[in-house]
Amino acid sequence: MNPVTNGALKSKKTSKKPEYSRFTQQELPAWKPILTPGWVITSFLAIAFLFIPIGLVSLFASERVVEIVYRYDQDCVPEMYRGNVSAYIRNSLTNKTCIGNITVPKKMDPPIFVYYQLDNFYQNHRRYVKSRSDKQLRSAAYESSTKECEPEARFNKSGDPVPIVPCGLIAWSLFNDTYNLIKKDKVLNINKKGIAWKSDTKVKFGSNVYPKNFQSNDLIGGGKLNESIPLSKQEDLIVWMRTAALPTFRKLYGKINTSLEAHDTITVVLENNYNTYSFGGQKKLVLSTTSWIGGKNDFLGIAYLTVGGICLFMALNFILLYVFKPRPLGDPSYLSWNRKAVN
């Protein structure tokens, strides 16, 4: 065989050139929009006219929400314990009942949601979040599944380690402050049913799982549970077990189905049991109504108004530029290499 032909065949075989097709050569039909001044101005105006009304409506809905925030962690410490708060909060014999007053700024129509708010509490810590057993919470058959629950996994009962149900740091640190609200010598009923997600009560927490050996160790972390009630009906625990992503969070305590008139004085009788003093946390009681966007939150409306305002500003600038200093579309004299040649 001719060596020239042989070399040509080898180069042909080793060639990485793809076979011709409209796809490989990028010849398929495609939409190639040209951003003309008209298209750009129209797009900015459309976004502005859409976002600004949404922002205004969202802000108006947020303003209609009536919210009362009452911080009580400092006021509910007796004067004699101000220098040693740890001794006060850890002493089970100390009376922790505290009474305060809040004033309703505007009329609050039911349902009125009662929350507790904690600040500087990092429920998103990796070890804290993992310290639970979903299998144990779901079924009594997995009562001994406490591998991930250390250090609150088992309790030494007469030298025999028995599993804690529910185990883990999340359940162990259950919030245990209590609230009673009184208006004109009448106790306001706080409904604590239906405060947890239905998916949690029906799926994640079993109806045949009962607390066992809970808060039995020497160091008590928070609230205790009724051992005769299954976990699926202990909604305070279920709400607490859904950990928060941020160090400042609110969790639902209950609902009030009674209207509160403007300037009403509400007496708050609470039990200041939960220890936030050891890590510099804060505790607040929150009463809030809702609107179609939920609770009071101005961020959504401000975000829409900001984006809409920027788009409106840009559209007006492009209009002024197009009117007072127009230039032909696609003029090659504006290309950098042509401008350099002219200069």
Side-chain angles (χ1 to χ4, degrees), residues 59-79 81 88-89 94-119 121 174-197 201 222-226 229 233-240 242 244 248-277 281-298:
L59 274 180
F60 178 73
S62 179
E63 286 299 317
R64 291 182 60 188
V65 174
V66 183
E67 185 178 275
I68 305 172
V69 181
Y70 169 54
R71 181 181 176 185
Y72 62 89
D73 57 289
Q74 292 179 329
D75 297 337
C76 289
V77 178
E79 285 288 341
Y81 290 104
Y88 159 75
I89 201 69
T94 306
N95 182 17
K96 298 186 175 62
T97 303
C98 179
I99 300 176
N101 293 312
I102 56 177
T103 303
V104 180
K106 298 179 183 177
K107 182 179 179 181
M108 302 178 74
D109 295 318
I112 302 170
F113 295 89
V114 182
Y115 301 92
Y116 56 88
Q117 177 176 321
L118 298 181
D119 296 357
F121 191 115
L174 174 64
F175 186 80
N176 62 338
D177 282 6
T178 60
Y179 309 113
N180 289 292
L181 305 179
I182 301 172
K183 184 183 78 168
K184 297 178 181 178
D185 298 329
K186 183 179 179 181
V187 178
L188 297 175
N189 180 40
I190 301 178
N191 184 10
K192 297 179 70 65
K193 293 183 179 180
I195 61 174
W197 292 17
T201 56
K224 297 187 177 182
L225 299 174
N226 190 334
I229 301 176
K233 293 185 178 180
Q234 306 219 26
E235 297 194 41
D236 282 330
L237 172 70
I238 297 173
V239 171
W240 179 258
R242 186 167 284 277
T248 297
F249 58 86
R250 293 178 182 178
K251 291 185 182 290
L252 187 59
Y253 181 82
K255 303 174 188 176
I256 300 174
N257 295 315
T258 306
S259 297
L260 299 179
E261 300 297 331
H263 310 300
D264 276 350
T265 299
I266 306 298
T267 302
V268 182
V269 181
L270 58 90
E271 292 291 329
N272 183 27
N273 299 313
Y274 201 68
N275 185 8
T276 57
Y277 305 97
Q282 298 179 7
K283 296 188 290 186
K284 298 173 184 175
L285 171 66
V286 180
L287 273 63
S288 176
T289 59
T290 58
S291 66
W292 62 269
I293 61 169
K296 192 173 186 64
N297 185 4
D298 295 337

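- Interatomic distance, OH of Tyr70 versus CG of Leu285, reported as 8.5 Å (0.5 Å rounding).
- Side-chain contact between Lys96 and Asp177: absent, with no pair of heavy atoms (C-beta onward) separated by less than 4.5 Å.
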Donor-acceptor pairs under 3.5 Å, side chain of residues 106-116 to any protein atom, not counting sequence neighbours: which ones?
none

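- The OH atom of Tyr274 sits 7.5 Å away from atom CG of Leu174, with the distance rounded to the nearest 0.5 Å.
- For CZ of Arg242, the number of neighbouring non-hydrogen atoms (other residues, nucleotides, ligands) closer than 6.0 Å is greater than 12.
- Listed by chain and number, the residues in a side-chain hydrogen bond (donor to acceptor under 3.5 Å, both in side chains) with Gln74 amount to none (sequence neighbours excluded).
- In this model, no donor atom of one side chain and acceptor atom of the other lie less than 3.5 Å apart for Ser62 and Asn297.
- For the side chain to side chain contact (heavy atoms under 4.5 Å, CB included) test, residues two or more places apart in sequence or in another chain that qualify with Asn180 are Val269.
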With a cut-off of 3.5 Å and sequence neighbours excluded, list every side-chain donor-acceptor pair involving residues 252-266.
{"from": "Tyr253", "atom 1": "OH", "to": "Tyr179", "atom 2": "N", "distance (Å)": "3.2"}
{"from": "Asp264", "atom 1": "OD2", "to": "Glu261", "atom 2": "N", "distance (Å)": "2.9"}

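- The CD1 atom of Ile190 sits 15.0 Å away from atom NZ of Lys193, with the distance rounded to the nearest 0.5 Å.
- Partners of Cys76 under the side chain to side chain contact (heavy atoms under 4.5 Å, CB included) rule, at least two apart in sequence or in another chain, are Tyr72, Cys98, Leu270, Asn272.
- Side chain of Ser288 to main chain of Gly295: no donor-acceptor pair is present (N/O by atom type, distance under 3.5 Å, no hydrogens or angles).
- Taking the side chain as every heavy atom from C-beta outward, Leu181 and Leu287 approach each other to under 4.5 Å.
- For Ile238, the side chain to side chain contact (heavy atoms under 4.5 Å, CB included) test picks out Ala196, Asp200, Thr201, Phe205, with sequence neighbours left out.
- The shortest side-chain heavy-atom distance between Ile195 and Asp236 falls under the 4.5 Å cut-off.
- Distance check, rounded to the nearest 0.5 Å: OG1 of Thr290 to CZ of Arg64 gives 10.5 Å.
- Val268 places none of its side-chain heavy atoms less than 4.5 Å from the side chain of Asn101.
- Applying the side-chain hydrogen bond (donor to acceptor under 3.5 Å, both in side chains) test to Thr103 and every residue at least two apart in sequence or in another chain returns nothing.
- Classification of the Phe249-Phe121 ring pair by plane angle, with boundaries at 30° and 60°, yields perpendicular.
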Under the criterion side chain to side chain contact (heavy atoms under 4.5 Å, CB included), I'd like the reasoning laid out for Lys296 against Val66: C-alpha separation, chi angles, the key distance, then a yes or no. CA-CA 8 Å; Lys296 192 173 186 64; Val66 183; over 6 Å; no
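- Residues passing the side chain to side chain contact (heavy atoms under 4.5 Å, CB included) test with Asp73 are Arg71, Tyr277, Gln282, Lys283, sequence neighbours excluded.
- Interatomic distance, CG of Leu225 versus CD of Gln234, reported as 4.5 Å (0.5 Å rounding).
- Residues satisfying the ring pair (Phe, Tyr, Trp, His ring centres under 6.0 Å) criterion with Phe60, sequence neighbours excluded, are absent altogether.
- Not a single side-chain hydrogen bond (donor to acceptor under 3.5 Å, both in side chains) links Asn176 to another residue, sequence neighbours left out.
- Considering only heavy atoms from C-beta on, Trp197 stays 4.5 Å or farther from Val239 through its side chain.
- For the atom pair Glu271 CD and Asn95 CG, the distance stands at 6.5 Å (nearest 0.5 Å).
- Taking the side-chain hydrogen bond (donor to acceptor under 3.5 Å, both in side chains) definition, one finds that Arg250 meets it with Glu67, Gln117, sequence neighbours left out.
- Under the rule for a salt bridge (charged side-chain N to carboxylate O under 4.0 Å, His left out), Asp75 has no partner lying at least two apart in sequence or in another chain.
- Taking the side chain as every heavy atom from C-beta outward, Thr276 and Leu118 approach each other to under 4.5 Å.
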